[in-house]
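As structure tokens, the structure follows; a few thoughts come after it.
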Amino acid sequence: MIKEAQILAHHGKQYIPDLTRSQVPAPFRGRPVISSTDADTKALMELCPTGAISDNPVSINLGKCLFCGECEFAFPEKIRFTNSHIMATNDSKKLVVREGEEERILLVPDMIREDIKRLFTRSLKLRQISAGGDNSCELELVACGNPNFDMGRFGIEFVASPRHADGIVITGPITENMAEAVQICNAAVPSPKIVVLCGADAISGGIFTGSRALNRKFLQEVHIDLYVPGNPPHPLTFINGILELTRVKHLNKRLNFKD
């Protein structure tokens with residue numbers, strides 16, 4: 001017991017009691033803030049490997065952003081990445097962070113389907129599909145169920161079979177070889193179901209955008225219920241996004257957050 005007490009005193013408690021208020025320390029990069037300071041926008045845009053940065057006004061599309069930090073390194077007075085992990089949304093337009101704006105990225109309550117509110121508030125089973133991913137997003141999703149984050153306490157778990165699932169979570173850019181598998185997996189999930197895109201590759205194609213090896217037609221045929229930006233997304237970004245999607249009451253709590 002003495003040895004266990006010494007270990008606990010040294011490492012602290014792994015378990016995070018309140019995931020909705022937990023802070024992520026540096027070097028984590030969360031929601032960026034773009035100042036109104038003048039900068040060479042052309043050079044800024046050319047820095048971005050995925051074309052996530054636009055001008056008039058300067059903006060960053062988090063659906064494309066790799067959170068590599070190159071823009072912040074080169075233009076620290078223009079762009080600053082905060083440690084705010086609250087970035088998931090159900091409206092793709094909210095993924096665009098514009099110059100001078102510091103509004104939080106939240107879900108739009110009116111866009112949340114009524115069947116989600118009715119059926120998935122106490123239990124949600126998800127089938128994760130690695131559609132050509134590099135395992136970074138997959139590793140973070142696995143971490144969602146570890147002793148630190150313990151997503152299962154909310155009744156949210158990943159399952160092995162789509163027939164036991166309430167929805168799918170797609171990681172990776174959806175390669176040609178995985179396109180049919182994604183279709184089959186989604187079709188096997190009983191209705192009503194949700195579709196979640198996790199990570200820049202899934203949301204926009206990431207660095208693979210425009211590649212002939214991709215087949216993203218599936219995304220034009222389904223309704224996307226949640227976008228979780230990041231490369232890869234932090235477990236807290238994913239968990240809080242899912243909680244916000246299924247439990248609208250968390251909206252009010254998160255509006256009082258401090259970065």
Side-chain angles (χ1 to χ4, degrees), residues 18-22 30-34 52 54 57-65 67 81-124 126 137 141 144 151 154-156 166-171 186 189 191-205 216 218-259:
D18 188 351
L19 297 180
T20 64
R21 295 184 179 277
S22 180
R31 174 177 51 81
V33 173
I34 308 172
S54 304
V58 176
S59 60
I60 301 176
N61 187 333
L62 299 188
K64 298 180 179 181
C65 182
F67 292 82
F81 283 88
T82 71
N83 69 336
S84 176
H85 54 76
I86 304 298
M87 294 183 286
T89 182
N90 56 348
D91 184 357
S92 59
K93 296 178 182 178
K94 285 189 170 292
L95 291 173
V96 179
V97 177
R98 295 178 177 81
E99 182 179 33
E101 297 179 357
E102 296 191 26
E103 288 80 4
R104 299 186 180 281
I105 302 172
L106 297 171
L107 275 72
V108 180
D110 293 341
M111 293 179 64
I112 301 175
R113 296 180 356 236
E114 288 299 324
D115 49 11
I116 293 178
K117 302 175 187 177
R118 186 177 72 254
L119 299 173
F120 303 140
T121 58
R122 293 182 179 273
S123 176
L124 181 67
L126 299 167
C137 291
L141 291 178
C144 290
M151 184 172 65
F154 303 108
I156 305 169
D166 301 308
I168 59 174
V169 179
I170 300 175
T171 58
N186 181 65
V189 178
S191 295
K193 50 193 165 188
I194 68 173
V195 178
V196 179
L197 299 183
C198 184
D201 290 349
I203 295 173
S204 66
R216 295 172 57 81
F218 169 77
L219 301 181
Q220 301 171 11
E221 303 169 359
V222 296
H223 172 75
I224 308 302
D225 294 287
L226 187 66
Y227 301 89
V228 186
N231 190 54
H234 194 279
L236 289 175
T237 304
F238 180 81
I239 295 172
N240 278 286
I242 292 292
L243 286 177
E244 194 172 329
L245 178 66
T246 58
R247 299 158 205 208
V248 184
K249 65 181 181 180
H250 282 272
L251 282 169
N252 294 331
K253 184 181 291 187
R254 283 166 53 167
L255 286 173
N256 296 323
F257 276 15
K258 293 182 178 179
D259 291 339

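Everything quoted here is computed from the prediction, not taken from an experiment. Start at 1 with the first residue, then count along the sequence.
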d(K64 NZ, S54 OG) to nearest 0.5 Å is 6.5 Å
task: State, with a plain yes or no, whether a side-chain heavy atom of I194 is found less than 4.5 Å away from one of I116.
output: yes
Across all chains, not counting sequence neighbours, the side-chain hydrogen bond (donor to acceptor under 3.5 Å, both in side chains) partners of E221 are Q183
Check: K193 and N186 side chains under 4.5 Å, non-hydrogen atoms:
yes
Checking the side chain of E244 only, and the main-chain atoms of L107 only, is there a donor and an acceptor separated by less than 3.5 Å? yes
Rounded to the nearest 0.5 Å, the OG atom of S204 sits from the CZ atom of R216 at a distance of 6.5 Å
The residue among N231, V97, I60 that forms side-chain contact (heavy atoms from CB on, under 4.5 Å) with C65 is I60
Next on the checklist: Just so I know, are the side chains of I242 and V196 near enough to count as touching, which here means a heavy-atom distance under 4.5 Å?
Outcome noted: yes
Here the gap from S84 atom OG to L236 atom CG, rounded to the nearest 0.5 Å, amounts to 10.5 Å
Item to check | Main-chain N/O of L106 paired to T89 side chain as donor or acceptor, under 3.5 Å | outcome: yes
Salt bridge (Lys or Arg N to Asp or Glu O under 4.0 Å) pairs touching residues 222-238, sequence neighbours excluded, are R113-D225
For F81, the ring pair (Phe, Tyr, Trp, His ring centres under 6.0 Å) test, sequence neighbours excluded, returns F67
Scanning both residues in full, the closest heavy-atom pair of R31 with E103 reads CD-O, 4.1 Å
*Take L245 and F120, measure what side chain to side chain contact (heavy atoms under 4.5 Å, CB included) needs, and give me the verdict at the end.*
CA-CA 9 Å; L245 178 66; F120 303 140; over 6 Å; no
What one should report as the nearest heavy-atom pair of G30 and M87 is C-SD, 3.8 Å
Applying side-chain hydrogen bond (donor to acceptor under 3.5 Å, both in side chains) to T171 and not counting sequence neighbours gives Q128, E138
Exercise for the section: Find out whether I203 and I224 are in side-chain contact, i.e. whether some heavy atom of one side chain is under 4.5 Å from a heavy atom of the other. Expected result: no
- [ ] Side-chain contact test, heavy atoms from C-beta onward, threshold under 4.5 Å: evaluate it for H85 versus N240 and give yes or no.
- [x] yes
Between S123 and R247, the two heavy atoms sitting closest are N-NH2, 4.5 Å
Discussion item. Within the 4.5 Å heavy-atom criterion, are F154 and L19 side-chain neighbours or not?
Written reply: yes
Closest heavy-atom pair, D115 versus P192, reported as atoms and distance to 0.1 Å, is OD2-CB, 3.2 Å
For C198 and P233, the nearest pair of non-hydrogen atoms, with its separation, is SG-CG, 3.6 Å
Any non-hydrogen side-chain atom of D201 less than 4.5 Å from a side-chain atom of C137? no
Before giving the answer on side chain to side chain contact (heavy atoms under 4.5 Å, CB included), spell out for K94 and V108 the whole-Å C-alpha distance, their side-chain angles and the decisive distance to 0.1 Å.
-> CA-CA 9 Å; K94 285 189 170 292; V108 180; 3.4 Å; yes
Nearest heavy-atom approach of P229 to A88 is CD-CA, 4.0 Å
Rounding to 0.5 Å, atoms CD1 (I168) and CG (L126) come to a distance of 10.0 Å
In this structure, CG of L197 is separated from OH of Y227 (nearest 0.5 Å) by 6.5 Å
Original post:
Hey, does P32 have a side-chain heavy atom less than 4.5 Å from the side chain of L62?
Top reply: yes
Contacts of D91 meeting side-chain hydrogen bond (donor to acceptor under 3.5 Å, both in side chains) (sequence neighbours excluded), chain-then-number -> none
Residues at least two apart in sequence or cross-chain that pass side-chain hydrogen bond (donor to acceptor under 3.5 Å, both in side chains) with E114, listed by chain then number, are K117
Between the CD1 atom in I239 and the NE2 atom in H234, the distance rounded to the nearest 0.5 Å is 9.0 Å
